Amino acid sequence: MECGIVGLPGAGKTTLFNALTGSSIDALPGATKPNIGVAHIPDPRLGVIASFIPTKKIINATIQFVDIPGVPVGSEPSKLNSFLSHVRKVDATCLVIRCFDDGTPPDSAGDIDKMETELILADMVVAESAMDKAKRTARTGDAEGKARVAVLEKVIETLDNGQPIRAVTDWSDTDRGILKSYGMITAKPVLYVANIGEDDIAGDCQAAEKVKAHAQAVGSEAVALCAKLEAELAELDDTDRNEMLESMGLSEPAIGPMARAVYALLGLASFYTAGEKEVRAWTIRAGSTAPEAAGSVHSDIQRGFIRAECYNIADLEQHKTEKAIREAGKYRSEGKNYRMQDGDVVHFLFNV
Ligand SMILES: Nc1nc2c(ncn2[C@@H]2O[C@H](COP(=O)(O)OP(=O)(O)OP(=O)(O)O)[C@@H](O)[C@H]2O)c(=O)[nH]1
Ligand SMILES: [Mg+2]
């Protein structure tokens with residue numbers, strides 16, 4: 001699972017990427033190569049579990065991020081596409097909107113419009129050339145070719161109306177597969193990131209409000225953060241970071257909620273394993289079964305799955321120890337059809 005960071009040049013993408021991944025890539029303008037890195041998903045629940053189950057190590061879930069060079073607005077479609085080829089591969093996008101003053105006052109609504117127009121145009125180029133090909137295949141009576149033509153007709157109509165493909169919500173699973181095969185950018189889920197100035201952290205920032213209003217109007221999520229401050233925070237050790245956060249009146253770095261929003265955007269969820277060796281968050285697709293979850297730990301555990309013994313973090317907070325959870329009858333034994341629930345702490349029993 002991978003999330004692309006996109007936006008206009010100078011919106012703060014590389015700065016945000018550094019904050020998320022703990023990298024220190026020079027935020028130089030005009031970069032042409034993408035940066036790839038892994039972000040640890042801050043998760044307060046891990047600390048909660050470890051406060052009851054003493055452990056040597058805490059391991060966070062991760063997401064891969066790709067920092068994509070700024071889209072040069074108004075370029076030739078072919079140049080645009082070489083920039084955007086990286087975005088076609090990711091599973092979701094974060095659209096960074098400049099809401100800080102870099103000498104020019106921010107125009108967040110205008111920038112969203114510019115970006116979306118570019119992306120719609122880029123998808124149109126792909127859709128039209130794909131349509132020619134799909135029509136040729138469909139003419140031979142090929143069923144898949146026909147399915148592609150039907151999807152592309154709807155895509156082109158939507159883009160023609162100036163709408164992103166994600167505005168269409170009634171795709172079948174097959175349709176979604178087809179969209180994915182073309183890497184349609186505007187079909188990918190999007191999180192709007194309003195990149196505010198350091199003076200705006202506490203106050204209300206007009207530019208950020210516009211980003212939030214837009215996100216709400218199109219049924220997406222938005223977060224506001226100051227990428228520059230977040231990148232500085234990411235470089236500090238825990239003590240200094242907490243001091244800085246406190247002085248700003250914040251309880252955690254804003255990349256925490258942001259990373260969790262991306263996690264949800266990607267359709268991911270976490271379950272936990274806990275023991276004296278490690279307390280760890282594991283990533284699964286939301287709605288995965290117990291054996292699928294076991295497979296994310298190790299394929300052997302999925303293959304030899306017997307059952308999952310689990311409880312919820314809330315049970316741990318209430319009863320304090322696994323023994324007490326057992327005694328309270330809250331320690332569940334779940335079989336292979338069990339769908340993992342948010343906040344499950346699990347021991348897998350298996351036999352290979
Ligand atoms: N004041 C302020 N400046 C920021 C913030 N985020 C980024 N910047 C500055 O804006 C400039 C551009 O930031 P980058 O992170 O390089 O922007 P980018 O979107 O990666 O730019 P390209 O890769 O060229 O498209 C840098 O000088 C950053 O220090 C912010 O939150 N506040
Ligand atoms: Mg950059």
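Quick caveat: nothing in here was measured; it's all calculated off a predicted structure.
- In E252, the CD atom is crowded: over 12 heavy atoms of neighbouring residues, nucleotides or ligands sit closer than 6.0 Å.
- In this structure, CZ on F305 lies 14.5 Å from CG on D300, to the nearest 0.5 angstrom.
- In this structure, K154 pairs ionically with D170, as a charged nitrogen and a carboxylate oxygen lie closer than 4.0 Å.
- Taking all atoms of both residues into account, the shortest heavy-atom contact from P164 to T158 is O-CG2, 3.6 Å.
- One finds the CD atom of E128 at 9.0 Å from the CG atom of L159 (value rounded to the nearest 0.5 Å).
- Other residues, nucleotides and ligands contribute only 12 or fewer heavy atoms inside 6.0 Å of the CZ atom of R285.
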Walk me through whether Q302 and F350 qualify under side-chain contact (heavy atoms from CB on, under 4.5 Å). CA-CA 8 Å; Q302 179 166 17; F350 67 106; over 6 Å; no
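- Side-chain atoms of D175 and S172 include a donor-acceptor pair closer than 3.5 Å.
- Neither side chain, R307 nor Y338, offers a donor N or O lying under 3.5 Å from an acceptor on the other.
- Nearest heavy atoms, I97 versus D111: CG2-CB, 4.2 Å.
- Between the side chains of R326 and Y311, not a single donor N or O lies within less than 3.5 Å of an accepting N or O.
- Atom NZ of residue K188 and atom CG of residue L119 lie 11.0 Å apart, to the nearest 0.5 angstrom.
- Closest approach of L266 and A92 over heavy atoms only: CD2-CB, 3.5 Å.
- Side-chain contact between V297 and F271 is present, with heavy atoms from C-beta onward closer than 4.5 Å.
- A donor atom on one side chain and an acceptor atom on the other are not found under 3.5 Å apart for S24 and N18.
- Put simply, CG on D67 and NE2 on H86 are 10.5 Å apart, with the number rounded to the nearest 0.5 Å.
- A continuous path of Ile, Leu, Val, Met, Phe, Trp and Tyr side chains, each step under 4.5 Å between heavy atoms, connects V66 with I185, placing both in one hydrophobic cluster.
- Counted by atom type alone, W282 and S270 present zero donor-acceptor pairs between their side chains at under 3.5 Å.
- Using a 4.0 Å cut-off between charged nitrogen and carboxylate oxygen, R148 and E144 count as a salt-bridge pair.
- Side-chain atoms of L95 and L191, non-hydrogen and from C-beta on, never get closer than 4.5 Å to each other.
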Are Q64 and C3 close enough, and set up right, to give a side-chain contact (heavy atoms from CB on, under 4.5 Å), and what steps lead you there? CA-CA 6 Å; Q64 185 149 308; C3 183; over 6 Å; no
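- For the pair V168/Q163, no side-chain contact is recorded, criterion being any heavy-atom separation below 4.5 Å from C-beta on.
- Between I112 and E116, the closest side-chain pair of non-hydrogen atoms falls below 4.5 Å.
- The closest side-chain donor-acceptor pair between T186 and D123 falls under 3.5 angstrom.
- Between M258 and L16, the shortest heavy-atom contact is SD-CD1, 3.9 Å.
- Distance OG1/T104 to CZ/R98: 5.5 Å, rounded to 0.5 Å.
- Looking only at side-chain heavy atoms (C-beta outward), M340 and I284 come within less than 4.5 Å of each other.
- Looking at V149 and K146, their side chains never come closer than 4.5 Å, going by heavy atoms from C-beta outward.
- Neither V190 nor I120 shares a network with the other; the hydrophobic side chains, linked directly or stepwise wherever heavy atoms of I, L, V, M, F, W or Y lie under 4.5 Å apart, form separate groups for each.
- One hydrophobic cluster, built from ILVMFWY side chains closer than 4.5 Å, cannot hold both V6 and M184; they sit in different ones.
- By the 6.0 Å contact criterion, CD on Q206 is open, its count of non-hydrogen atoms from other residues, nucleotides or ligands being 12 or less.
- Taking 4.5 Å as the limit, every side-chain heavy atom of L265 sits out of range of all side-chain heavy atoms of E221.
- The hydrophobic clustering, which links ILVMFWY residues whose side-chain heavy atoms are closer than 4.5 Å, places F100 and F17 apart.
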Could you go step by step and tell me if D237 and R241 meet the salt bridge (Lys or Arg N to Asp or Glu O under 4.0 Å) rule? CA-CA 6 Å; D237 62 33; R241 182 181 307 130; over 6 Å; no
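- Between D43 and R260 there is no salt bridge, since no side-chain nitrogen of the basic residue lies less than 4.0 Å from a carboxylate oxygen of the acidic one.
- A salt bridge between E278 and K56 is absent, with no side-chain N of the basic residue lying under 4.0 Å from a carboxylate O of the acidic one.
- Looking at S299, its side chain never comes within 3.5 Å of a backbone N or O of G295 through a donor-acceptor pair.
- Taking both residues in full, the closest heavy atoms of A138 and G145 are given as CB-C, 3.8 Å, listed atom of the first, atom of the second, then distance.
- Here the options are K323, E309, H319, the test is side-chain contact (heavy atoms from CB on, under 4.5 Å), and the partner is Y331; only E309 passes.
- In terms of heavy-atom proximity, A231 sits nearest to A19 at N-CB, 3.5 Å.
- Atom CD of Q216 sits in a sparse spot, with 12 or fewer heavy atoms from other residues, nucleotides or ligands closer than 6.0 Å.
- Atom CG of residue L229 and atom CD1 of residue I255 lie 12.0 Å apart, to the nearest 0.5 angstrom.
- Within 6.0 Å of CG in D132 there are more than 12 heavy atoms belonging to other residues, nucleotides or ligands.
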Could you walk me through whether K180 and D91 satisfy the salt bridge (Lys or Arg N to Asp or Glu O under 4.0 Å) test, starting with their C-alpha distance in whole Å, then the side-chain angles of each, then the deciding distance to 0.1 Å, before giving a yes or no? CA-CA 9 Å; K180 203 171 159 117; D91 303 287; 3.1 Å; yes
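- Y272 is listed as a side-chain neighbour of R45, based on a closest heavy-atom distance under 4.5 Å.
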Would you check, one step at a time, whether the test side-chain contact (heavy atoms from CB on, under 4.5 Å) holds for V345 with T273? CA-CA 5 Å; V345 185; T273 55; over 6 Å; no
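- With hydrophobic clusters built from ILVMFWY side chains whose heavy atoms lie under 4.5 angstrom apart, I165 does not share a cluster with V125.
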